[in-house]
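Letters go in sequence order (proteins before strands), and every chain restarts at 1.
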Amino acid sequence: MSVVTIQLGQCGNQVGQELFDIICNDAEQSQRKTYSTSCSARFFRPTSKGDLVARAVLVDMEPKVINQSMNKAVKSGRWRYGEDSHFSQKQGSGNNWANGYCVLGPRHKDAVEELVRQEVERCDALAGFIPVMSVAGGTGSGVGTYVTQCLRDIYPTSFILNHLTWPYGTGEVIVQNYNSVLTLAHLYQLSDAMLVHENDTVHKICSQLLNIKQISFSDINMVIAHQLGGVLQPALTPDSYGVYSRNPLGELVSALACHPEYKLLSVSTVPQMPSSSIAFSTFSWPALLKHLRQMLISNTRMEVERTRSLTQGGFNTSLANLLILRGKDVYSAETGGFEDPAIYTPWLRSEEAFSLWKSPVSFDKYEKFATLVSNSQALLRPLDDMVRKAWNMFASRAYIHQYIKYNISEEDFLDSFTSLEQVISSYGQLQC
Amino acid sequence: MFTLQCGKQRSCKSTGSGLGTRVLSLLEEEFPDVCRIVTAVYPSAEDDVITSPYNTVLAMQELTEHADCVLPVENQSLLDILNKIDAMSYGTKLGPGVKRNNCVTSGGSRLSGAQKPFDAMNNIVANLLLNITSSTRFEGSLNMDLNEIAMNLVPFPRLHYLVPSLTPLYSLADVSIPTKRLDQMFSDAFSKDHQLIRANLKHSLFLASALMVRGDVHMSDLRRNIERLRSSLPFVSWNQEGWKTGLCSVPPVGHSHSMLALSNNTCVKATFMELRDSFTKLYKKKAHLHHYLHVDGMEQSIFSEALSSLTGLIEDYHHLDVSKSRLQRDTPRLRIATGSSS
């Protein structure tokens, strides 16, 4: 079954291009034909010339980034985007969610829907959609939310997994917290689940684990794409009976997002090190899994005092976890540590809360590679920060006239704040 | 985007301010959805057009009502910048890294006593415009176009006067710039020497700031410098992280990197108060008023309205200034009723 990816805005188009690159690379490097075939079918379509074309639609309100992404793909020599699979304008969204959602989205609805429809028709079977977008700007966030709404309307039974990049806490876009609040509140009603990467967290991976001295967005995007690859590449699931799963999005959603109040998913992967060090390292499953479990429960994002008030504890409680193991000796890996009831909310049995997928094929250059997708309190603190800052700004009504100009009212803001306070409250009480 | 002059440049006294602002309101009528960013040249104190305060205040009402953003530029600041470049290019303290004749103005400048080098001064303003449009014209890892500038830097509709500052003022011949020099670029952007109006950013309150960086600068350099500078730059309580950033890969010709800072800062209040005082000095005595009232369609009420608009603007900035010393705590959050009793 095939996944249709929709790349929205600068971030979405940059991340998406890196993702397809990693997936294509991984598929080609693999020695196992069933893996490569499954992977290619999922994310690419073959053409009459025999080259691989990404099952993707590229959308942006200005042309430069799409052009860059398409050129980079062609330069790789291994895959490319469809020549007509993109839509762009000249003016941009001005970092204004209301402009993206109320004006530009509806204005270009038909054109974008047509591109998606063409891509869907080229799939033998549709596994679902992955809109890739940031929440801070105007196109990814505003147009992205509108497009997600259109997808939900036209394909009501398809799975929609949004990939969201959350901005740095400081210094990218001044109105980023408004745009984020509006996006998240709306997507909560539309999306099956949201897979989130935060720039701050990825930045720490780059500086502390990958030893990159001067970090650029290109580095950030590659780490994000790499972690996503660990999630999305073919794997054997409990429901797939010995073949690579044909319903990856559906199985991911049912493993992790069983309750409508809890849709925020975070990703961690081990090992994570400069590629130059990989050849000199040895990996054992017990060590990798112990490390991953420790990362989950301590969740280095959480500083103790602040979190205590949010979670009444400081310990990261999970609703559900999905562990994906790739590489050598996956069948003998001992994963009991992730079935410990102590790390889960008391109102689900740990057997229901924990899912395990495996692939005997190694991912990237790693002999053993583990990905953990978590529905837990890991994003609670960043979400709370986002809402707190947006609320403080809203209290002074700063910038609100820019949104009202495009038909988003104070009422709409209040509705979004209310929805997200509900989400914060729900996650805050997971350990009860 | 267009530029208008409120004071004297060449032989235009009031064409820029009068005709320019009329064009502005026409643009708003015809193209209401298109962003209007105006570079406005403000007169210096010793401007030799006597009625320039009238022209300026009348123009300002139009700018306040009809522009999305205004980038005020003062002739005196442009002159000061040229003098600094001169001193660096031709002075004894010539460092190994300074290239002659490759500075922000074309072909250097030779200042004689009475003559103002308008070409060189205009060149600086042209550079401002080049920088502000760089992300629209070239690619980069974090694009920032004109609409985004207006969106992020204007929290309240009338408070849209943005202080521009440009660095560097001279080129560095050294290609592999050590980090110290790069960081210096960020510090310079907030120093008075690099601003295009004379006002003290650091002693007033920032409402928002945008940094448009061009060239071989990584996002981590940008973030490191924002962290470094934050503590010395006071931001309004509801916008403590009020930074909008852009990274454009292509630097200006002859430089390896450059930066434009646009700051929405209450320091403009001082500039406007000076302007109001010069206006009032003339207006009280009705000096030269008849020249204006002779023109069809001009009435005295237009003057009093313009003065009142300026006064209102000054009060708006003052109101925010006063909040600077107040300790702001987080606004109480919405409380959600929960089903369970905890």
Contact class of A:Tyr403 relative to chain B, heavy atoms under 4.5 angstrom:
side chain

If you define the side chain from C-beta out and look only at heavy atoms, does anything of B:Arg230 sit under 4.5 Å from A:Thr170?
yes

What part of B:Ala150 gets closer than 4.5 Å to chain A, counting heavy atoms only: side chain, backbone, both or neither?
backbone

Looking at chain B, which one of A:Val103, A:Asn95, A:Val65 has the largest number of heavy-atom pairs inside 4.5 Å, strictly under?
A:Asn95

If I take atom OG from residue A:Ser216 and atom CG from residue B:Leu222, how far apart are they, to the nearest 0.5 angstrom?
12.5 Å

Side chain, backbone, both or neither of A:Glu421 within contact of chain B (heavy atoms, under 4.5 Å):
both

B:Asn147 CG to A:Asn96 CG distance, which is reported to the nearest 0.5 Å
9.5 Å

Between A:Ser207 and chain B, which part of the residue has a heavy atom less than 4.5 Å away: side chain, backbone, both or neither?
neither

Taking side chain as everything from C-beta outward and backbone as N, CA, C, O, which of these in A:Ile220 sits under 4.5 Å from a heavy atom of chain B? Side chain, backbone, both or neither.
side chain

Is the NE2 atom of B:His318 crowded by more than 12 outside heavy atoms at less than 6.0 Å?
no

Considering only heavy atoms from C-beta outward, does the side chain of B:Met219 approach that of A:Tyr168 to under 4.5 Å?
yes

Residue part contacting chain A, namely of B:Pro32, when any heavy atom lies under 4.5 Å:
neither

Is the backbone of B:Arg137 close enough, under 3.5 Å, to the side chain of A:Lys64 for a donor and an acceptor to pair up by distance?
no

For B:Asn143, does its backbone N or O pair with a side-chain atom of A:Gln10 as donor and acceptor, under 3.5 Å?
yes

Can you give me the closest heavy-atom contact between A:Phe217 and B:Leu142, atom names plus distance?
CE1-CD2, 3.8 Å

Can you find a pair of side-chain heavy atoms, one from A:Asn67 and one from B:Glu139, that are under 4.5 Å apart?
no

Quick check for you: to the nearest 0.5 Å, what is the distance between B:Glu241 atom CD and A:Met393 atom CE?
9.0 Å

Please classify the contact between B:Leu153 and chain A as side chain, backbone, both or neither, with a heavy-atom cut-off of under 4.5 Å.
both

How far apart are the closest heavy atoms of B:Asn239 and A:Tyr399, and which atoms are they?
ND2-OH, 3.3 Å

Show your working on side chain to side chain contact (heavy atoms under 4.5 Å, CB included) between A:Ile174 and B:Trp243 and close with a plain yes or no.
CA-CA 6 Å; A:Ile174 294 178; B:Trp243 296 93; 5.5 Å; no

Passes side chain to side chain contact (heavy atoms under 4.5 Å, CB included), B:Ser220 versus A:His203? Steps please.
CA-CA 9 Å; B:Ser220 51; A:His203 188 103; 4.1 Å; yes

Interface moiety of B:Arg335 toward chain A, non-hydrogen atoms closer than 4.5 Å
neither

At a 4.5 Å cut-off on heavy atoms, which part of B:Thr136 comes close to chain A: side chain, backbone, both, or neither?
backbone

Under 4.5 Å between any side-chain heavy atoms of B:Arg223 and A:Asp200, yes or no?
yes

Can we say B:Asp330 and A:Lys389 salt-bridge, meaning some charged N sits less than 4.0 Å from an Asp/Glu carboxylate O?
no

Do A:Gln402 side-chain atoms and B:Asn152 backbone N/O form a donor-acceptor pair below 3.5 Å?
no

What's the spacing between B:Ser135 OG and A:Glu62 CD if we round to 0.5 Å?
7.5 Å

What's the verdict on side chain to side chain contact (heavy atoms under 4.5 Å, CB included) for A:Arg397 and B:Trp238, showing C-alpha distance, side-chain angles and the deciding distance?
CA-CA 10 Å; A:Arg397 295 297 184 273; B:Trp238 42 260; over 6 Å; no

Checking B:Glu227 against chain A: side chain, backbone, both or neither under 4.5 Å from a heavy atom?
side chain

Out of A:Gln91, A:Lys405, A:Gln14, return the one with the most heavy atom pairs under 4.5 angstrom to chain B.
A:Gln91

Test salt bridge (charged side-chain N to carboxylate O under 4.0 Å, His left out) on B:Asp145 and A:Lys90; report intermediate values, then the result.
CA-CA 11 Å; B:Asp145 67 25; A:Lys90 299 269 191 270; over 6 Å; no

Report the C-alpha separation of A:Arg388 and B:Thr331 in whole Å, then their side-chain angles, then the decisive distance to 0.1 Å, and conclude whether the side chain to side chain contact (heavy atoms under 4.5 Å, CB included) test is met.
CA-CA 8 Å; A:Arg388 174 176 55 87; B:Thr331 313; over 6 Å; no

Should B:Glu148 and A:Val173 count as side-chain neighbours, where that means a heavy-atom distance under 4.5 Å?
no

